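Let me begin by presenting the structure, written as structure tokens, before commenting on it.
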Amino acid sequence: MSDVFVSYKKEDFPIAEPVVNSLRAQGLSVWWDENLTSRSSWDAEIEQEISSAAAVVVLWTPRSVESEWVRIEAHYASERGKLIPVMLETCTIPLAFLLRQTVNLSAWHAEADHRHWRKLLAWIGDLTGARSAPSGRTPHGAATPRNAFRATVDRLASGDPVVEGSFVNTSTPAGTALRDGEGLPILRIVPAGAFLLGSPPTDQDRTMAEGPQRRIEIPVPFAIGVYPVLVSEYEAVMGQARTAEAPQAGARGWWASRSKAAPPASAATVRNPFEPVTNVSFHEAQAFVTSLSLRTGESYRVPSEAEWEYACRSGSRARYCFGDVIDLTMAIFGRNAGPVPPGSCTPNAFGLFDMHGNVREWTADLWHESYNTTPLDGRPAIEGHGSMRVVRGGGWSDSAAMLRSTARMRATESMRTSLIGFRVARALA
């Protein structure tokens with residue numbers, strides 16, 4: 001049983017051999033067809049080896065993309081969640097694999113410290129680690145399989161390692177914390193799964209907009225911010241200071257009717273860099289994720305409402321991710337003094353902080369009065385017209401009922417207030 005099965009075109013032997021030798025130099029066991037002669041034994045052995053390997057590395061070149069057998073091996077590996085596509089020479093990748101994350105080794109010359117080579121090793125390490133790890137979702141606080149090929153670039157206050165974001169993929173264990181650059185948001189990977197969106201009719205605080213309940217499938221793992229975006233992180237990307245602004249004209253009544261205190265109307269002051277950024281409109285949150293994507297080369301977004309609730313619940317079916325009761329050790333709420341630096345309260349089972357309280361958070365969904373038009377695959381509900389977006393999580397001045405995992409609020413896209421911030425999500429491939 002090998003760690004790695006290498007799929008390649010025979011004519012590419014001279015450029016494939018350095019890949020195999022370099023993998024073996026890292027202590028990985030590698031199978032490839034260098035010693036096979038008989039066609040009959042070739043078919044039987046290749047099926048056995050590709051089935052038992054933890055990872056299948058497919059080497060794409062102008063020659064291998066034309067090979068029917070290489071494509072068959074790639075499809076076989078993809079269906080079993082063990083495919084690692086590698087571009088060994090510049091070529092047009094087959095359409096079926098075009099949208100998959102691909103390691104580009106076209107400029108690699110067997111350097112041990114080459115960035116894309118390290119990315120390949122980290123990916124293989126995730127798959128070999130998953131083979132030896134217990135099955136099931138890795139909860140926050142449980143040890144994830146160690147990846148000897150991935151370096152730690154930082155640590156959370158809890159001591160959990162933070163790894164370089166460019167080395168993660170859909171095979172990286174759930175719970176892994178990552179960052180795409182110094183001073184940028186830290187995220188955690190949440191697993192694929194399913195849950196019931198919305199509140200049950202038995203919830204005494206339920207509103208009509210919190211139903212009907214729908215079963216939502218989150219088809220692939222994704223990463224989401226451990227904290228709401230901080231003032232320092234916002235400034236690092238957007239290059240501008242955030243201030244505590246007075247509420248916009250006409251907005252006071254809407255906020256006052258739903259929270260303990262209206263947004264402060266004090267003169268503009270420079271904010272604590274470690275607090276969640278607020279006074280950002282939905283459009284500014286969108287501009288932030290666009291700029292962050294361009295800066296990092298990764299695909300960032302404002303999370304959908306379904307993604308937000310899935311991440312907040314972290315497996316819980318109760319009113320809050322902690323159960324049916326919440327207190328001040330679990331969330332920042334019911335106060336008059338504004339938001340505080342996140343992380344002082346208990347994280348949820350996915351290792352995310354302040355999903356309840358501190359600041360309300362923008363989601364990508366247009367406001368609808370029910371879930372009847374919400375996609376069932378986790379995408380945002382953006383059909384229709386309107387200037388209102390869904391806001392989730394409750395804020396520093398809200399009551400406990402507004403902090404429920406299912407509580408829905410709305411705000412005009414252009415609104416800026418000290419009650420609303422946002423959290424980022426990121427694709428893994």
Side-chain angles (χ1 to χ4, degrees), residues 137-141 144 154 156 158 160-166 168-181 184-195 197 216-230 233-234 237 276-277 280 282 285-286 288-290 292-293 296 298-316 320-321 331 342-343 345-365 377-380 389-394 405-406 420-429:
R137 187 177 66 207
T138 303
H140 169 60
T144 56
D154 199 356
L156 293 168
S158 62
D160 291 354
V162 179
V163 304
E164 188 174 345
S166 61
V168 305
N169 52 78
T170 54
S171 299
T172 304
T176 298
L178 62 116
R179 192 183 67 192
D180 286 315
L184 301 183
I186 295 174
L187 305 93
R188 278 195 193 270
I189 296 175
V190 300
F195 76 110
L197 175 71
I216 304 293
E217 295 274 354
I218 303 297
V220 294
F222 67 98
I224 191 166
V226 172
Y227 311 110
V229 173
L230 305 181
E233 294 165 347
Y234 189 90
V237 174
V277 67
V280 286
F282 174 77
Q286 285 281 50
F288 177 86
V289 296
T290 298
L292 187 56
S293 297
T296 63
E298 305 294 345
S299 181
Y300 278 87
R301 62 183 182 271
V302 175
S304 70
E305 181 178 18
E307 288 175 329
W308 191 98
E309 185 172 324
Y310 176 71
C312 175
R313 285 185 173 280
S314 56
S316 170
Y320 310 97
C321 64
C345 296
T346 306
N348 69 8
F350 284 166
L352 309 176
F353 289 86
D354 291 21
M355 297 298 291
H356 302 297
N358 210 5
V359 292
R360 301 175 183 178
E361 299 178 16
W362 290 112
T363 72
D365 294 57
D377 60 0
R379 289 178 295 117
R389 296 280 172 168
V390 177
V391 180
R392 288 299 209 108
S405 298
T406 58
I420 299 181
F422 67 103
R423 192 178 301 251
V424 296
R426 171 195 181 291
L428 299 180

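Everything numeric in this text was worked out from a predicted model, so none of it was measured.
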- prompt: If every non-hydrogen atom of P342 is compared with every non-hydrogen atom of P276, which pair is closest and at what distance?
  reply: CD-CD, 3.9 Å

task: Find the distance between CG (N169) and CD1 (I189) and round it off to the nearest 0.5 Å.
output: 7.5 Å

query: Has the side chain of R423 got a donor or acceptor atom that lies under 3.5 Å from a matching backbone atom of G225?
result: yes

query: For V391, does its backbone N or O pair with a side-chain atom of R360 as donor and acceptor, under 3.5 Å?
result: no

query: Are the side chain of N348 and the backbone N or O of Y320 linked by a donor-acceptor pair below 3.5 Å?
result: no

Between CG on residue L292 and OH on residue Y300, distance to nearest 0.5 Å: 5.0 Å

field: OG1 on T406 to CZ on R313, rounded to 0.5 Å
entry: 6.0 Å

query: So do P228 and V277 actually touch side chain to side chain, heavy atoms under 4.5 Å?
result: no

task: May I ask you to test the Y310-I216 pair for a side-chain heavy-atom distance under 4.5 Å?
output: no

field: Minimal non-hydrogen separation, A285 against W362, with atom names
entry: CB-CD1, 4.3 Å

task: Find the distance between CE (M355) and CD (E309) and round it off to the nearest 0.5 Å.
output: 9.5 Å

Atom pair CD1 (I186) and CG (D154), whose distance is rounded to the nearest 0.5 Å: 5.0 Å

- request: Let me see the working for S405 and H356 under side chain to side chain contact (heavy atoms under 4.5 Å, CB included), right down to the final yes or no.
  value: CA-CA 7 Å; S405 298; H356 302 297; 3.3 Å; yes

query: Stepwise, does the side chain to side chain contact (heavy atoms under 4.5 Å, CB included) test hold for R426 with D180?
result: CA-CA 10 Å; R426 171 195 181 291; D180 286 315; 2.8 Å; yes

message: Has R301 got a side-chain atom pairing as donor or acceptor with P303's backbone, closer than 3.5 angstrom?
response: no

field: Atom of G165, atom of L178 and distance for their closest heavy-atom approach
entry: CA-CD1, 3.9 Å

- request: Evaluate the side-chain proximity of L184 to V237: yes if any heavy-atom separation is below 4.5 Å, no if none is.
  value: yes

statement: d(C312 SG, F195 CZ) to nearest 0.5 Å is 10.0 Å

- line: Correct closest heavy-atom pair for P185 and F288 would be CG-CZ, 4.4 Å

- request: Please report the shortest heavy-atom distance between A174 and V190, naming the atom on each side.
  value: CB-C, 4.5 Å

query: When you look at R188 and L352, which way does the side chain to side chain contact (heavy atoms under 4.5 Å, CB included) test go after all the steps?
result: CA-CA 8 Å; R188 278 195 193 270; L352 309 176; 4.1 Å; yes

Minimum-distance pair of heavy atoms, taken over all atoms of A364 and F282: CA-CE1, 4.0 Å

message: In the structure I gave you, are the side-chain heavy atoms of N358 and Y227 within less than 4.5 Å of one another anywhere?
response: no

- request: Determine, step by step, whether V302 and E361 satisfy the side chain to side chain contact (heavy atoms under 4.5 Å, CB included) criterion, reporting the C-alpha distance in whole Å, the side-chain angles of both residues, the deciding distance to 0.1 Å, and the verdict.
  value: CA-CA 10 Å; V302 175; E361 299 178 16; over 6 Å; no

task: Would you mind reporting whether P380 and T363 have side-chain heavy atoms less than 4.5 Å apart?
output: no

